[in-house]
Structure formats: C-alpha cells, structure tokens
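Read the structure below first, then the notes.
So you know, we letter chains A, B, ... as the sequences are listed, proteins then strands, and number each from 1.
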Amino acid sequence: MASKYLKSEQLPAFLESLAKNARVVAPFKRDGVTQYEPWQSGKDVELDVLLAKQSPKEYVFLQTETYLKFGYEMAPVPEGAEGEDAVPYETVKVDPQNEAPKQVIFGLRPCDVRGFVQMDQVFGGYGGFYFDPLYNARREATTLLAVTCREPRSTCFCTSVGGCPSSREGADVLFTQIEGGFFVEPITDKGEAIAEAAGAALTDPTDTQATEANEAKLASATKVDPAFDLEGVRDALHDNIADKRWADLAMRCVSCGTCTYVCPSCYCFSINDSIVETKGDRYRCWDNCFNPVYTEETSGHNPRAKKMNRFRNRFSHKFWYYPDKYDSLLCSGCGRCIANCPTRIDIREVIRVMGAPKEAPAASGAVAASAAAAAAVAAAADTTTEGKEA
Amino acid sequence: MSRQDHIREFAANALTEKRVDYFIGWKQGYNSSEMIPAFVTDPAEADQLVWNPLCHHNLVTFIKRNMPEPADAKVGLCVKGCDSRTLVALLQEGLVDKDRLYVVGVPCDGIVDRRKLEKMFSSEITEIEFPERGKVKVTTRAGETKELDQKDVELIGCAHCRYPNPLYSDNTAGPLEKEPDREETKPDWSALEQYESLSDDVKQALLEKIYATCIRCFACIHVCPVCVCWDKCVNRSRQPELVSQKVGPKENLLFQMVHMFHVAGRCPSCGACDRACPVEIPLGLLHAKMNKEIYDMFGFEPGVKLDEKPVFQVFDLKDQFGD
Ligand code: SF4
Ligand code: SF4
Ligand code: SF4
Ligand code: SF4
C-alpha cells in the first residue's frame with residue numbers, strides 16, 4: 001500500500017476526521033502525567049513523552065467490564081392456571097452486555113501494539129483454547145495507529161525480545177515523525193481505509209521523506225540498549241525454578257501488582273457479582289498474580305502463599321509458561337514495569353540472572369550463555385512440580 | 001566519617017557478629033538517579049549501601065507482617081526520621097518484635113522528590129549527583145545537565161519536617177540534624193488547608209478527578225508500613241463484596257477512605273504511598289486530613305513516643321470532641 005505524508009499542522013484535522021465515525025484515543029499529558037485518553041477537539045496529543053504511564057490495553061481489555069445484568073423476579077402466573085401451574089415462582093432474568101463501539105487508538109507505540117498481539121492469543125482461542133467474545137468484539141472494532149519511538153528510554157528493551165521501535169507487527173498504520181510531519185504507512189485493510197477516509201489531509205511523500213523516515217527508524221533502533229540474550233531463557237527458567245536466587249531477587253518486591261497493571265500484555269481478571277436487593281451486575285475486573293489472594297483456594301490453602309512464589313510466577317509466565325502454550329512471549333520490552341515498580345524491580349536483571357543457564361556466572365550486565373550450554377544444563381537439572389497455571 | 005560510612009560499618013558489624021540475618025539499607029538502582037532498597041547478607045557487600053537524598057524508601061515496609069522471609073528472621077534496617085515514626089507505631093501496637101530488630105537511625109536533611117524533577121525536563125533523567133550538601137546535579141538521556149538547589153525539589157513533607165532525627169534506633173549514623181522548635185511550630189498542613197478552603201462542589205469534583213485515575217494496583221497499600229492486613233484486606237474481599245471491586249471514581253475514593261481510616265492514628269504521613277502510586281495520586285491529602293483532626297482533637301501525633309498508646313486504643317473521658 002502506498003505510503004503517505006501528513007503535515008504536523010494537519011494532525012488535529014486528521015484526528016477530527018477520524019472522530020466522525022469512531023472514538024479516538026491518544027496519549028495526553030494531564031498534571032504532568034501522560035496517559036491514553038479519549039481525544040477531544042482542542043486537546044494536544046503528547047508524542048514526546050515515552051511512554052504513557054499505562055499501555056492502552058484498557059481500551060480493549062476493560063479494567064472493569066460489566067458483561068451481564070441480572071435480576072430476580074416473579075414469573076407471571078398464566079391466566080386460568082390451576083394447581084401447580086398457579087403457584088408463583090421466582091425466575092432470573094439475564095441481560096448480556098457487549099458493547100464494542102468503533103475506536104481508533106492513535107499514538108501508541110510498537111511495544112503497546114505488540115501487547116495486543118500477544119494478548120490476542122489468549123483471548124482469541126489460539127490452540128483451541130477459549131475464544132472470548134467480549135475482547136474480540138472490541139479488538140475487531142479497534143484500529144491501531146502506531147508511532148515510531150524517537151527517543152527510546154533507558155528502560156526500553158524491545159529489541160531484546162524480537163521487537164523494534166518502528167515495528168509494523170500488529171499495527172494498522174505506522175506513523176514515523178520526520179521534518180515537518182509524519183511519514184504514514186498503511187499496513188492493513190483497516191489502515192488503508194483510514195488513509196482513504198483522511199482524503200486530502202494525506203499527501204504523497206517525496207523520495208527524500210521516505211529516506212528520512214528510514215533513517216529515523218534506524219536511528220531509534222540503535223538507541224535501544226541490548227538487555228539480554230533471549231536464546232536459552234525459557235529452558236534456564238525451567239531449570240532454575242528451585243534456585244535460591246529467586247528469593248533474593250524477590251526481597252524488595254512488595255507484591256503489589258503495579259507491574260502487571262501497567263503492562264501491555266498482562267491479561268488476568270477476576271469475576272465478581274455486585275447485587276443490590278434483587279438486581280445485580282456480573283462484571284470482570286483486572287486481577288494479577290501478585291495479589292496475595294489470587295491463588296487462594298476456598299479451603300484457605302494458597303499454593304503461592306509467599307511473595308517469592310508470586311514473583312517467580314510472573315517472570316516464568318511471561319518467558320516460559322505462556323510461550324509453551326501460545327507460541328509467543330508475553331513481554332514486548334516496553335520497560336513500564338521497571339519504571340513504575342515502587343522498588344524498581346528490573347525484569348531485565350531478573351531474566352539475566354534467572355534466565356541464564358545454571359552454572360554460568362550471572363553478573364549484572366552479562367548476557368545468557370549459548371543455547372548449547374543451556375541444553376546441557378537442562379538435561380542435568382532437577383525438575384520440580386510447581387503448577388504452571390496462569 | 002560520612003553517614004554512608006557509618007551505615008556500612010554498622011551493617012558489616014551486625015552481619016559479622018550475626019546479630020542479624022540480613023541488613024536492609026539503600027543502594028543504587030538501574031542508574032544513579034534511582035535508589036532502591038538493598039538487602040545485604042554478606043558483610044563484604046555492605047559497601048554497596050548508599051546514603052543520599054534519593055533514599056526515599058521507607059524500609060519499615062519490609063518488616064511488617066508477612067514481609068520478612070523467613071518470618072522469624074533477625075533484621076537490621078535503616079530508618080530516617082519519618083520512617084522511624086512508622087516503626088514506633090508498629091512497636092506501640094506490638095506488631096513487630098523489637099528483639100528481632102537492629103535499627104540504624106539516619107538523621108535526615110530532606111529527600112528529593114524525583115517526580116518534581118521529572119517534570120522539569122523533557123528527556124528522561126538518567127543521572128543524579130550531589131556535588132555538595134544542598135545541591136542536586138541532574139543529567140538527562142539527551143545530555144542536558146542542570147544544577148538545582150535541593151530545597152527547591154524536596155518532597156512536600158520535608159520542608160516542615162518536625163522529626164528529622166530518628167525517634168527509635170539502636171545506633172545513629174553520624175551527628176544529629178538540627179531539630180525545629182516543636183513547641184513553637186505546629187505541624188504544617190498548608191496543602192490540606194488549601195483544599196479545605198474550597199467549596200463543597202469544587203471539592204467533590206476535585207476528588208472525583210483525582211481518584212478517577214486510580215488503577216487499584218495496591219502499591220499504596222502494600223508499601224504502607226502500618227497497613228498490615230494485606231492478604232486479608234477488606235479492600236480485596238470479593239465475597240462478600242464489602243468494597244466494590246469496580247474501578248471508578250467513587251469506588252476508588254471509597255477504597256482509599258478505607259485505607260485512610262485504617263491507618264488513622266498510626267500513619268505519621270511518611271509519604272510512602274504517595275511515592276509508590278504509579279499514577280501520582282496525592283494520597284497524602286487524605287492521611288493529612290486524619291492527622292490534622294487527630295492532632296486538633298487529641299493533641300496526638302502518631303508514632304512519636306514508644307510508651308504511648310495509639311490514640312484509638314485509649315478511652316479518656318477528658319478527650320475533647322470539638323465544640
Ligand atoms: S515487582 Fe514491583 S510492581 Fe511488581 S509486585 Fe513487586 S513491587 Fe509491585
Ligand atoms: S513485562 Fe514489563 S517490559 Fe514486558 S511488556 Fe510487560 S511491562 Fe513491558
Ligand atoms: S499471571 Fe501474572 S504475569 Fe501472567 S498475565 Fe497474569 S498478572 Fe500477568
Ligand atoms: S497506588 Fe495509586 S493507583 Fe495504585 S491503588 Fe493506590 S491510589 Fe490507586
């Protein structure tokens with residue numbers, strides 16, 4: 001599909017045109033904090049701050065989603081009924097809710113997009129598992145307009161997990177900031193439709209602009225520091241499951257769950273009923289594996305009673321259990337969990353230490369040793385029976 | 001000998017003498033602009049401990065119920081003035097065992113508000129140095145460098161700190177800081193008073209706006225050193241649903257008010273919740289409100305005297321309940 005050019009001054013008009021048939025969501029700065037919010041005419045999109053505090057996952061995977069309204073009521077007794085048929089009885093009336101308004105998310109980053117791509121597996125029925133109608137309806141109604149990152153943060157590590165600051169994976173359109181505006185690349189049919197609808201706001205780019213965009217992409221990729229070598233990590237996590245260093249690394253974690261709520265790919269939720277008199281809502285809301293009661297059973301037994309068990313689960317889920325089940329990592333390297341953790345638990349460090357084959361020295365900054373070594377260690381290592389549910 | 005040297009020496013000695021199983025202090029995080037809690041078990045590693053105005057973490061968090069690993073570990077830790085008050089509050093209630101603690105008091109001259117700094121630069125802060133007492137040198141990823149006066153970028157509570165010197169400790173890291181005249185000066189609640197002067201409608205709108213952004217991550221509650229129920233927290237109860245699990249402005253405010261009431265008389269406004277909140281909700285406002293009411297009604301300041309009972313554990317006919 002042909003690339004386009006959008007002048008910076010034209011951005012508000014472009015968003016305005018999108019807003020005619022969809023809700024537009026974009027990053028905005030409010031009181032110094034950048035977050036994704038519904039766009040309104042006159043609001044300035046914040047594209048200089050990397051990253052918004054949270055990923056925009058909440059617009060597809062709602063933090064609170066009421067998916068059923070229900071009420072108890074007396075069934076009407078049919079006229080002329082006799083005997084048993086005339087005895088009034090109570091019924092439950094259920095009213096499923098599934099709203100999926102059309103929306104366009106502008107200004108999200110390639111790692112944010114990848115969060116959706118990774119989450120899609122779990123909600124999309126991959127491997128014959130559950131297909132979630134609520135998530136998929138909303139995902140279907142959402143168009144993702146990603147923007148190449150210009151100034152990756154020191155905590156970014158997308159390139160270590162197979163991404164890059166200008167990745168097109170999962171995006172419908174990729175915007176790259178160049179002199180005076182954006183180089184615009186529609187990628188999917190949805191993206192193409194957006195470009196067509198924008199009409200005259202988008203012009204044909206010059207060759208110089210195309211070159212400039214390429215240079216910008218290359219430049220930003222070099223600004224992402226390598227964090228670790230992904231090869232062998234999965235096996236090393238498996239082999240290191242009983243390693244004492246998990247407890248050492250978890251010491252300063254307070255088991256809050258902030259890391260999971262700012263993460264673009266964490267997808268856990270719990271289901272609740274809220275009932276007032278005879279009417280109620282059934283809703284789901286985000287939950288996470290750091291919640292001390294996340295795995296608590298009705299008996300009171302908690303298989304992950306200790307902070308360390310919960311800590312180990314998060315990293316193992318992202319780099320071992322999930323990949324085994326869905327053939328995809330559950331981390332896009334955005335680094336939000338590092339920058340927003342109250343004690344700055346650093347996922348890169350955890351993977352460097354626990355994702356390194358057992359005997360290898362795991363000095364901070366070192367990368368995991370070769371896959372061959374990992375395999376050798378795996379063969380010799382003990383196995384444990386830690387549950388791997390997510 | 002600097003305070004940092006004292007801390008390192010106390011830590012190394014306590015570990016060598018096996019007085020503690022591990023010692024908690026502060027060390028550098030992923031770059032020099034971030035300090036993080038450090039857990040040291042080997043005396044030879046005590047020299048990674050750091051003391052500077054970025055050491056904001058209240059380490060008392062790590063000795064509250066269910067935190068120490070193993071549960072009966074003997075723990076050494078550093079406390080600043082405000083941190084020590086949360087420790088005293090726990091001790092007053094018998095919620096920690098004094099005999100398993102070794103406490104190094106660190107007299108404090110004020111802590112830098114990193115978020116205040118972040119808002120002064122467009123690029124990410126990657127380096128912070130302290131060339132001399134009272135000066136902060138900030139460098140960004142884009143290479144910009146600025147030198148600032150520490151007093152201009154300190155945490156909200158530091159400017160009127162009443163207890164810069166720890167109120168409970170086994171050893172003190174260096175000379176005491178100058179104490180304010182506590183007879184002359186009352187606690188400072190100017191930020192709260194600004195809020196209190198607003199009309200009801202404005203207050204309502206402001207609270208809704210502030211709490212709308214809460215994501216219920218529980219960082220505030222888990223870092224709060226005097227918030228000790230965590231796995232049994234009423235805010236987590238789904239069956240019965242005592243506090244709605246729905247995330248919305250009113251529900252979030254209620255959730256925070258539960259925290260506020262449960263730490264009233266125990267929270268000395270150490271600010272740990274404020275600093276942990278990823279979306280920067282000024283949680284201190286609610287806690288300041290309780291502290292002000294308790295001070296005005298009972299003349300009580302939480303976590304000050306070891307032998308004092310927490311205000312809500314005493315019944316005194318002479319208590320004055322306002323006019
Ligand atoms: S890693 Fe950090 S953000 Fe995550 S639960 Fe632990 S303390 Fe909270
Ligand atoms: S685990 Fe951390 S770095 Fe990876 S995607 Fe989630 S928040 Fe980003
Ligand atoms: S189990 Fe934990 S790490 Fe995995 S998706 Fe759920 S919250 Fe995220
Ligand atoms: S730390 Fe902030 S966002 Fe998290 S639960 Fe507390 S108030 Fe809400």
Side-chain angles (χ1 to χ4, degrees), chain A residues 30-33 35 48-50 53-54 58 62-64 66 151-155 223 247-248 250-262 270-275 281 283 285-288 290-293 296 302 305-308 336 338-346 348-349, chain B residues 22 24 29-31 33-39 41 57 59 61-62 66-69 115-116 118-119 122-126 141-142 209-210 213 215-224 230-233 236-239 241 244-248 251 272-273 275-282:
Chain A
R30 182 145 52 103
D31 302 331
V33 179
Q35 289 276 38
D48 290 336
V49 171
L50 259 190
K53 282 268 177 179
Q54 283 177 276
E58 61 174 317
L62 306 193
Q63 182 157 18
T64 308
T66 300
E151 296 294 337
R153 292 178 66 93
S154 66
T155 44
K223 290 182 193 161
D248 299 341
M251 280 303 245
R252 72 171 196 268
C253 168
V254 299
S255 200
C256 55
T258 305
C259 47
T260 69
Y261 284 3
V262 297
S270 59
I271 292 175
N272 300 272
D273 281 352
S274 129
I275 308 174
D281 288 349
Y283 62 96
C285 58
W286 293 356
D287 196 354
N288 70 83
F290 277 107
N291 178 350
V293 299
E296 194 176 70
N302 191 341
K306 286 188 180 163
K307 180 171 83 178
M308 186 279 280
R336 280 193 181 87
I338 309 169
N340 291 298
C341 167
T343 64
R344 305 294 187 260
I345 293 278
D346 190 336
R348 297 166 300 182
E349 185 198 358
Chain B
Y22 56 87
I24 321 174
Y30 57 82
N31 63 39
S33 77
E34 295 276 10
M35 296 302 136
I36 54 175
F39 291 73
T41 45
H57 289 95
L59 305 174
T61 300
F62 297 100
N66 273 357
M67 272 289 190
E69 183 60 45
R115 284 177 172 162
K116 218 181 250 175
E118 274 165 23
K119 298 193 173 58
S122 52
S123 173
E124 177 194 0
I125 295 172
T126 49
R141 193 157 154 90
K209 183 182 135 210
I210 292 175
T213 59
I215 54 171
R216 298 273 190 116
C217 65
F218 277 75
C220 48
I221 281 176
H222 282 219
V223 299
C224 172
W230 62 341
D231 51 334
K232 300 280 178 275
C233 175
R236 293 237 193 238
S237 171
R238 284 158 47 193
Q239 197 60 268
E241 192 189 43
S244 176
Q245 301 298 301
K246 285 187 182 169
V247 178
E251 289 87 352
C273 51
R275 302 192 292 277
C277 177
V279 294
E280 308 188 14
I281 294 176

Under 4.5 Å from a heavy atom of chain A, the part of [X] involved:
X      : answer
B:N31  : side chain
B:R238 : both
B:E241 : side chain
B:S244 : both

Between the main-chain N or O of [Y] and the side-chain N or O of [X], is there a donor-acceptor pair closer than 3.5 Å?
X      : Y      : answer
A:Y283 : B:Q245 : yes
B:K246 : A:T64  : no
B:R275 : A:P342 : no

Side chain, backbone, both or neither of [X] within contact of chain B (heavy atoms, under 4.5 Å):
X      : result
A:R30  : side chain
A:T66  : side chain
A:D248 : neither
A:E58  : neither

Are A:S154 and B:E124 close enough that a side-chain donor and a side-chain acceptor fall under 3.5 Å? yes
Drop me the distance from [X]'s [atom1] to [Y]'s [atom2], to the nearest 0.5 angstrom.
X      : Y      : atom1 : atom2 : result
B:Y22  : A:M251 : OH    : CE    : 4.0 Å
B:Q239 : A:D273 : CD    : CG    : 7.5 Å
B:R216 : A:C256 : CZ    : SG    : 15.0 Å
A:Q35  : B:I215 : CD    : CD1   : 7.5 Å

Residue among [options] with most heavy-atom pairs under 4.5 Å to chain B:
options                        : answer
A:A305, A:S274, A:A339         : A:S274
A:V262, A:T155, A:I345, A:N302 : A:T155
A:Y261, A:W286, A:F290         : A:Y261

Report, as yes or no, whether the 6.0 Å neighbourhood of atom NZ on B:K116 holds more than 12 heavy atoms from other residues, nucleotides or ligands. yes
Test side-chain contact (heavy atoms from CB on, under 4.5 Å) on B:H57 and A:R252; report intermediate values, then the result. CA-CA 11 Å; B:H57 289 95; A:R252 72 171 196 268; over 6 Å; no
Looking only at non-hydrogen atoms, find the nearest pair between B:D231 and A:V293 and report the distance. O-CG1, 3.2 Å
Tightest non-hydrogen contact, residues A:K223 and B:R141, listed as O-NH2, 2.6 Å
Does [X] reach the side chain of [Y], with side-chain heavy atoms less than 4.5 Å apart?
X      : Y      : value
B:F218 : A:N291 : no
A:T343 : B:F62  : yes
A:D31  : B:K209 : yes

